[in-house]
*Asks:* 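This is the structure I want to talk about, given as structure tokens.
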Protein chains: 2
Amino acid sequence: MLWYNQIMETLSVKNKRTGGRSAHVMASIRAAVEELIKEVGRERITIPMVAERAGVNPTSIYRRWEDLPTLINDIATYRLDPTRTLPNTGDLRKDLTGWANELVAHYRKPVNAALLRGGASVAGETDSDCLRNRRGEVEVLLGQGNSEGFTAEQVMDHVVAPIVYRVIFHPWDLDDRTAEKLVADLFSLHRAELFSSL
Amino acid sequence: MLWYNQIMETLSVKNKRTGGRSAHVMASIRAAVEELIKEVGRERITIPMVAERAGVNPTSIYRRWEDLPTLINDIATYRLDPTRTLPNTGDLRKDLTGWANELVAHYRKPVNAALLRGGASVAGETDSDCLRNRRGEVEVLLGQGNSEGFTAEQVMDHVVAPIVYRVIFHPWDLDDRTAEKLVADLFSLHRAELFSSL
DNA sequence: TCGTTAATGCAAATGATTTTGCTTTAATTA
DNA sequence: TAATTAAAGCAAAATCATTTGCATTAACGA
């Protein structure tokens, strides 16, 4: 649960009055967007819809945000906390599995999946790769202790990419065995390379 | 270049008249959506915009497609000619590599990448998976001759997903060795399973 | 080629979204 | 607590999207 002033701090457009009513309006709008993203999907949300669900006047939304994409990106900016501690048991396989499981759990929440799809729709040109933090984390995981010869690219290709693919296109195929299976695939791939170099 | 009747066959909503004018209207709409996706981005396209650019009456779009997400998904889904012949040399590895190379070449064109991102933003609900044809093709490739024990899921996870991930988030990492490398990974993964079962 | 009628075009009507001017509420500061 | 004024509410107007009924075009089978 975020406090109202924390909610206010997450917005791209600032108010001068950050307490009481304003914060309550923001919280209602955010809750409404999250509900609606789950119920009707990002593409079918309208501003009047959000206003009605939030019990707020549409004008209040129009005056604060330029347009709907801005609103949704603002509100759905629920991120994996970049300061959280990563698994570090000394066992790379365990760490990767634990980390990938966090990723899966995160993106099984419809709001976060919707955000990723939203990120996808504006990716490619700018440097706004909304997964760049994940690659950074992979590098940390590989760096702490024995990387067993894996590169971040391999982990991104064979663990992160399949998860992302499922989140975006096949969310119903994302279950709590996905992460373990993919890490197992990664490790068998690696062993194969060891064998073939014998 | 698709023929008009091939374009018609790709739509989710069918016409009884598939030639001449209808096909021309479809082709114009498709071209308009492609241009606009590049120019203004998925988020700011409207149906009247598409109609004007296509030189077509908005009514023609409204009557055929339920709404904009459906239209975009339709166009994004069928950009690769679904009737093209797939590689069939008898050598699965060669076939997969050739097919994956087609995929890479296709998505290295900016229009197609933009369409995939557009598809991503409307994915996740219903069965509107704009990559479902790719999975179908994988099943065909595995079905013709020796599948060497691969499942479509494995190919989707370790060949298609990494390509899609790069297309959407890292297009600059998509080069003409990507496909071959990923198929090589897939095969080494498979060999690993053989080894580990010894 | 002709006749049928599906598909498109056109225009008016409807419905929804967005903007605007003004009023009210209440957060903040003194 | 009172004064100030930012932010929210309200309602009417303007804009834009969508639907609808009918006229026109042309695809396709006879």
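Just so we're on the same page: letters track the sequence lines, and every chain starts at 1.
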*Asks:* Please tell me if A:T46 has a side-chain N or O lying less than 4.0 Å from either OP1 or OP2 of C:dT17.
*Replies:*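 Affirmative; the distance criterion is met.
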*Asks:* Taking the side chain of B:M26 as its heavy atoms from C-beta onward, which of D:dG9, D:dA8, C:dT8 lies nearest to it?
*Replies:* C:dT8
*Asks:* Please pick, from C:dG9, D:dT4, D:dC10, the nucleotide with the shortest atom-to-atom distance to any side-chain atom of B:N57.
*Replies:* C:dG9
*Asks:* For a quick check of understanding: with a heavy-atom distance under 4.0 Å over all strands, which category does B:S60 fall into, base, sugar-phosphate or nothing?
*Replies:*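 B:S60: backbone/sugar contact only, no base atoms under 4.0 Å.
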*Asks:* Parallel, tilted or perpendicular: which one describes the rings of B:Y165 and B:H170, with boundaries at 30° and 60°?
*Replies:* parallel
*Asks:* Could you state the CG-P distance from B:L71 to D:dT18, rounded to the nearest angstrom?
*Replies:* 11 Å
*Asks:* Return the nearest nucleotide to the side chain of B:P48; candidates are D:dG9, C:dG9, D:dA17.
*Replies:* D:dA17
*Asks:* Look at the side chain of B:R63 against the base of D:dT19 and say whether a donor-acceptor pair falls under 3.5 Å; ignore hydrogens and angles.
*Replies:* no
*Asks:* Specify whether A:H158 and B:H158 have parallel, tilted or perpendicular ring planes, treating 30° as the upper limit for parallel and 60° as the lower limit for perpendicular.
*Replies:*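 Geometry flag for B:H158 against A:H158: tilted rings.
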*Asks:* Is there a donor and acceptor pair closer than 3.5 Å between the side chain of A:R21 and the base of D:dG9?
*Replies:* no
*Asks:* Is there a side-chain polar atom (N or O) of A:S22 under 4.0 Å from OP1 or OP2 of C:dT25?
*Replies:*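 Answer no for this pair, as no side-chain N or O of A:S22 is under 4.0 Å from OP1 or OP2.
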*Asks:* In whole angstrom, what separates A:E52's CD from D:dC10's P?
*Replies:* 13 Å
*Asks:* Less than 4.0 Å between a side-chain N and a carboxylate O, is that true for B:D74 and B:R30?
*Replies:* no
*Asks:* Measure the distance from CG on A:L68 to P on C:dT19 and round it to the nearest whole Å.
*Replies:*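 In whole Å, C:dT19 P lies 12 Å from A:L68 CG.
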*Asks:* Using whole Å, report how far CH2 of A:W65 lies from C1' of C:dT17.
*Replies:* 17 Å
*Asks:* 5'-most contact on DNA chain C: B:T59 or A:Y62, nearest heavy atom basis?
*Replies:*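 It is B:T59, whose closest nucleotide lies nearer the 5' terminus.
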*Asks:* Below 4.0 angstrom, N of the basic side chain to O of the carboxylate: do A:E153 and A:R135 qualify?
*Replies:*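 No, this pair does not count.
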*Asks:* Under the criterion salt bridge (charged side-chain N to carboxylate O under 4.0 Å, His left out), I'd like the reasoning laid out for A:R132 against A:E137: C-alpha separation, chi angles, the key distance, then a yes or no.
*Replies:* CA-CA 9 Å; A:R132 67 186 178 285; A:E137 288 167 7; over 6 Å; no
*Asks:* Expressed in angstrom and rounded to an integer, what is the separation of A:H24 atom NE2 from D:dG9 atom P?
*Replies:*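 Spelled out: NE2 on A:H24 to P on D:dG9 is 10 Å.
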